[in-house]
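To start, the structure under review is shown below, and the notes come after it.
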Amino acid sequence: YKLMTDTYKRNSSRERLQQAATQVVQFLLTLQCPTVHAKKKVLECFLSWIKFAQLQPSDLSQNPLIPECFKNVTQGGELSEPATDIIIEILRMSSLDLNVFQPLIQVILSHLDPLRQKFQTILSQGVEQAVEADQDGLLQICRIYVEVGECLIPLIIQQIRNVEVLSILRVILQCTDLPCQEISSIPFDFWQRLANEISEKP
């Protein structure tokens with residue numbers, strides 16, 4: 001006997017779970033997390049529901065876990081990795097329709113500056129020393145900035161002289177120039193996509 005072998009039942013259960021997604025996310029916000037391990041479990045659960053359910057952009061844009069994720073990445077530590085994964089997943093989701101997800105994208109952009117400041121602080125000791133001192137921190141920030149770039153490629157092309165756009169491109173360029181292949185290879189697809197989009201413009 002296999003659980004949920006009937007396609008209709010399986011699809012019905014999936015729909016019910018998706019309909020409950022908002023309540024689940026709200027429940028996560030009420031949990032008391034006395035330890036880092038407990039907080040990590042909450043973030044991992046949040047990530048799973050973002051991937052599984054179609055959460056509303058307006059709800060996500062007001063969710064306090066989003067700024068909390070940026071805070072975790074800025075501070076580093078055990079929570080920074082799941083926080084990075086959440087930010088990346090939200091950006092990938094947002095890239096499907098920039099107009100629909102604009103409120104959420106604005107929230108993400110408003111929290112980028114502390115990451116940029118952390119990035120520049122790490123690099124201020126020299127690139128070789130920076131990679132040795134905090135490779136994980138650099139990697140997480142580069143992943144986020146590259147995903148921001150890929151999400152916003154249409155806007156980048158339209159607003160190439162925009163100060164905010166130039167700031168994003170500058171960080172991605174610095175990531176590409178780091179003496180660590182694991183990090184420097186992350187932006188390659190972004191640069192290729194950007195070049196292809198530009199070449200196709202009249």
Side-chain angles (χ1 to χ4, degrees), residues 43 47 50-51 60 66-99 101-102 104-202:
L43 292 180
L47 176 61
I50 291 174
K51 291 180 177 180
L60 281 173
I66 305 301
E68 188 69 22
C69 284
F70 278 93
K71 181 180 177 181
N72 289 330
V73 178
T74 302
Q75 292 178 342
E78 192 175 343
L79 299 179
S80 62
E81 189 64 26
T84 299
D85 292 337
I86 288 170
I87 296 167
I88 297 237
E89 187 61 33
I90 288 174
L91 284 164
R92 287 175 179 168
M93 181 173 56
S94 300
S95 67
L96 299 175
D97 192 325
L98 296 183
N99 290 326
F101 285 90
Q102 184 178 8
L104 186 54
I105 292 171
Q106 288 300 322
V107 170
I108 290 174
L109 292 178
S110 71
H111 288 91
L112 280 181
D113 199 53
L115 296 187
R116 183 189 60 79
Q117 293 177 17
K118 176 181 178 179
F119 185 74
Q120 300 302 339
T121 299
I122 299 172
L123 289 184
S124 65
Q125 54 191 308
V127 290
E128 296 282 354
Q129 293 85 348
V131 172
E132 290 182 11
D134 195 356
Q135 182 173 332
D136 288 342
L138 292 173
L139 179 65
Q140 290 163 1
I141 294 171
C142 286
R143 285 181 62 204
I144 292 170
Y145 262 86
V146 169
E147 202 65 48
V148 168
E150 291 189 352
C151 175
L152 300 180
I153 278 180
L155 295 180
I156 288 174
I157 294 173
Q158 295 172 8
Q159 304 179 35
I160 193 63
R161 297 186 185 279
N162 180 283
V163 174
E164 200 167 18
V165 168
L166 290 174
S167 176
I168 292 169
L169 291 175
R170 192 173 296 113
V171 172
I172 297 175
L173 187 61
Q174 288 176 292
C175 291
T176 313
D177 198 39
L178 286 174
C180 172
Q181 187 174 1
E182 184 181 2
I183 300 176
S184 63
S185 61
I186 294 174
F188 288 174
D189 286 343
F190 164 75
W191 293 121
Q192 183 178 6
R193 281 189 58 200
L194 183 62
N196 289 341
E197 291 287 337
I198 292 174
S199 66
E200 291 174 2
K201 291 291 180 181

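With contacts defined as side-chain heavy-atom distances shorter than 4.5 Å, the pair L115/V171 does not qualify. In this structure, N72 and L43 have side chains that are in contact, with non-hydrogen atoms separated by less than 4.5 Å. For the pair L139 and T84, the minimum side-chain heavy-atom distance is 4.5 Å or more. Using a 4.5 Å heavy-atom threshold, the side chains of L98 and P154 count as touching. At least one side-chain heavy atom of E68 sits under 4.5 Å from a side-chain heavy atom of K71. Annotation: side chain of V148 is in contact with side chain of L109 (closest heavy-atom distance under 4.5 Å). A 4.5 Å side-chain heavy-atom check between F119 and C175 finds at least one atom pair inside the cut-off. Between T176 and F190 the shortest side-chain heavy-atom distance does not fall below 4.5 Å.
For the atom pair CG of L166 and CG of L173, the computed distance is 11.5 Å after rounding to the nearest 0.5 Å. Taken to the nearest 0.5 Å, the CD1 atom of I87 stands 12.5 Å off from the CZ atom of R92. The distance from the CD1 atom of I50 to the CG atom of D85 is 10.5 Å, given to the nearest 0.5 Å. In this structure, E200 CD and I157 CD1 are separated by 8.5 Å, a value rounded to the nearest 0.5 Å. With rounding to the nearest 0.5 Å, the separation of CG in D134 from CD1 in I122 is 4.0 Å. In this structure, K118 NZ and T121 OG1 are separated by 10.0 Å, a value rounded to the nearest 0.5 Å.
When all heavy atoms of C142 and L178 are compared, the pair lying nearest together is SG-CD1, 4.4 Å. Of all the heavy atoms in I156 and G149, the pair that sits closest is CD1-O, 3.6 Å.
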Please report the C-alpha distance between L169 and I160 in whole Å, then the side-chain angles of each, then the deciding distance to 0.1 Å, and finally whether the side-chain contact (heavy atoms from CB on, under 4.5 Å) criterion is met. CA-CA 9 Å; L169 291 175; I160 193 63; 3.8 Å; yes
Could you go step by step and tell me if F101 and I90 meet the side-chain contact (heavy atoms from CB on, under 4.5 Å) rule? CA-CA 10 Å; F101 285 90; I90 288 174; over 6 Å; no
With side-chain contact (heavy atoms from CB on, under 4.5 Å) as the test, would you mind laying out the steps for L152 and V165 before giving the verdict? CA-CA 9 Å; L152 300 180; V165 168; over 6 Å; no
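Remark: side-chain polar atoms of S184 are paired, donor with acceptor, to backbone N or O of C180 under 3.5 angstrom.
Not counting sequence neighbours, C69 has no partner by the disulfide (SG to SG under 2.5 Å) test. Under the disulfide (SG to SG under 2.5 Å) criterion, C151 pairs with no residue, sequence neighbours left out. Taking the salt bridge (charged side-chain N to carboxylate O under 4.0 Å, His left out) definition, one finds that R116 meets it with D113, sequence neighbours left out. Under the rule for a salt bridge (charged side-chain N to carboxylate O under 4.0 Å, His left out), the partners of E81 that lie at least two apart in sequence or sit in another chain are R143. Listed by chain and residue number, H111 satisfy the ring-ring contact (aromatic ring centres under 6.0 Å, His included) test with F70 (two or more places apart in sequence, or in another chain).
Screening residues 148-172 for salt bridge (charged side-chain N to carboxylate O under 4.0 Å, His left out), with sequence neighbours left out, gives no hits.
When each of I144, L60, L91 is tested with I108 by the rule side chain to side chain contact (heavy atoms under 4.5 Å, CB included), just one qualifies, namely L91.
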